[in-house]
Amino acid sequence: MLEDHIIRISDKIHLNFYKRLFSIIKEREGSLTAMEVFAVEVIHALGTPTISEFADFLGISRPGASYKVASLIQKGYIVKEASTDDKREFRLTLTDKYYNYIGLYEDGLREYVAKLEENFSKRQLEAFESVLSRVEEEIDAFPNN
């Protein structure tokens, strides 16, 4: 039952995000393919990975990762910046174009949180936040993360 709730909540959040995304981006020059959306989301979640870190995380070849990265650079969603630690290494950094796009997702989440704050007591929200914090810790500790 818990698993079913988590799956349904995740699906609803993603569907709302994709609905917003498609209503704004549409099919036009420079828009992201579905695979590019996933790739840029992985880069966002990893922070500022190198191409090798990106490839290793996805389990794809470095040339395959380089191809995806080149497309995202061409479309203006990421840039390669020299690492502050090793100038021979480049880190993938997200651009303002990406942050304008991800803002759609975060705005949707803020709307959900506002609804929760309207409909639940402070005590209930504190308990929920405590549970979510623990869930996040468990996810971080899960193998393959």
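Nothing fancy with the numbering, it's 1 onward along the sequence. Side chains included, hydrogens not; waters and symmetry mates left out as well; all remaining heavy atoms used.
- Under a hydrophobic-cluster definition in which Ile, Leu, Val, Met, Phe, Trp and Tyr are linked whenever side-chain heavy atoms come within less than 4.5 Å, directly or via other members, Tyr99 and Phe38 are assigned to the same cluster.
- Scanning for side chain to side chain contact (heavy atoms under 4.5 Å, CB included) contacts around Ala70 gives an empty result, with sequence neighbours left out.
- Residue pairs meeting the salt bridge (Lys or Arg N to Asp or Glu O under 4.0 Å) criterion with at least one partner in residues 60-71, sequence neighbours excluded, do not occur; the list is empty.
- Here Leu94 contributes atom CG and Ile43 contributes atom CD1; the two are 6.5 Å apart, rounded to the nearest 0.5 Å.
- Remark: Glu81 pairs with Thr93 by the side chain to side chain donor-acceptor pair (under 3.5 Å) rule, at least two apart or across chains.
- In terms of the side chain to side chain donor-acceptor pair (under 3.5 Å) criterion, residue partners of Arg134 (sequence neighbours excluded) are, by chain and number, Glu138.
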Quick one: do Val79 and Ile73 satisfy side chain to side chain contact (heavy atoms under 4.5 Å, CB included)? Show the steps, please.
CA-CA 6 Å; Val79 293; Ile73 289 170; 5.7 Å; no
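- By the side chain to side chain donor-acceptor pair (under 3.5 Å) test, Gln124 pairs with Ser121, sequence neighbours left out.
- Scanning all heavy atoms of the two residues, the minimum distance from Val40 to Leu72 falls at N-CD1, 4.2 Å.
- Listed by chain and number, the residues in a salt bridge (Lys or Arg N to Asp or Glu O under 4.0 Å) with Glu36 are Lys75 (sequence neighbours excluded).
- For Tyr77 against Tyr98, the heavy-atom pair with the smallest separation is O-CB, 3.6 Å.
- Partners of Ser133 by side chain to side chain donor-acceptor pair (under 3.5 Å), not counting sequence neighbours: none found.
- Each of Thr48, Val69, Leu46 was checked for a side chain to side chain contact (heavy atoms under 4.5 Å, CB included) with Leu92, and the lone residue meeting it is Val69.
- Looking at residues two or more places apart in sequence or on another chain, you find a side chain to side chain contact (heavy atoms under 4.5 Å, CB included) between Ala65 and Ile51, Phe54, Ala55, Ile60.
- Surrounding CD of Glu3 are at most 12 heavy atoms belonging to other residues, nucleotides or ligands under 6.0 Å away.
- Each of Leu132 and Ile9 belongs to its own hydrophobic cluster when Ile, Leu, Val, Met, Phe, Trp and Tyr are linked at side-chain heavy-atom distances under 4.5 angstrom.
- Atom CG of Asp96 is surrounded by 12 or fewer heavy atoms from other residues, nucleotides or ligands within 6.0 Å.
- Qualifying salt bridge (Lys or Arg N to Asp or Glu O under 4.0 Å) partners for Glu111, counting only residues two or more places apart in sequence or in other chains: Arg20.
- Other residues, nucleotides and ligands contribute only 12 or fewer heavy atoms inside 6.0 Å of the CZ atom of Phe128.
- Annotation for Thr95 and Gly76: closest pair OG1-O, 2.5 Å, computed over non-hydrogen atoms.
- Taken together through direct or relayed side-chain contacts under 4.5 Å among Ile, Leu, Val, Met, Phe, Trp and Tyr, Leu15 and Ile7 form parts of separate hydrophobic clusters.
- Each salt bridge (Lys or Arg N to Asp or Glu O under 4.0 Å) pair with one or both residues in residues 47-56, not counting sequence neighbours, appears once here: Glu53-Arg91.
- Residues Val131 and Leu116 do not share a hydrophobic cluster, clusters being chains of Ile/Leu/Val/Met/Phe/Trp/Tyr side chains in contact below 4.5 Å.
- Partners of Arg88 under the salt bridge (Lys or Arg N to Asp or Glu O under 4.0 Å) rule, at least two apart in sequence or in another chain, are Asp86.
- Pairs of residues two or more places apart, or lying in two chains, never qualify as salt bridge (Lys or Arg N to Asp or Glu O under 4.0 Å) while including a residue from residues 4-17.
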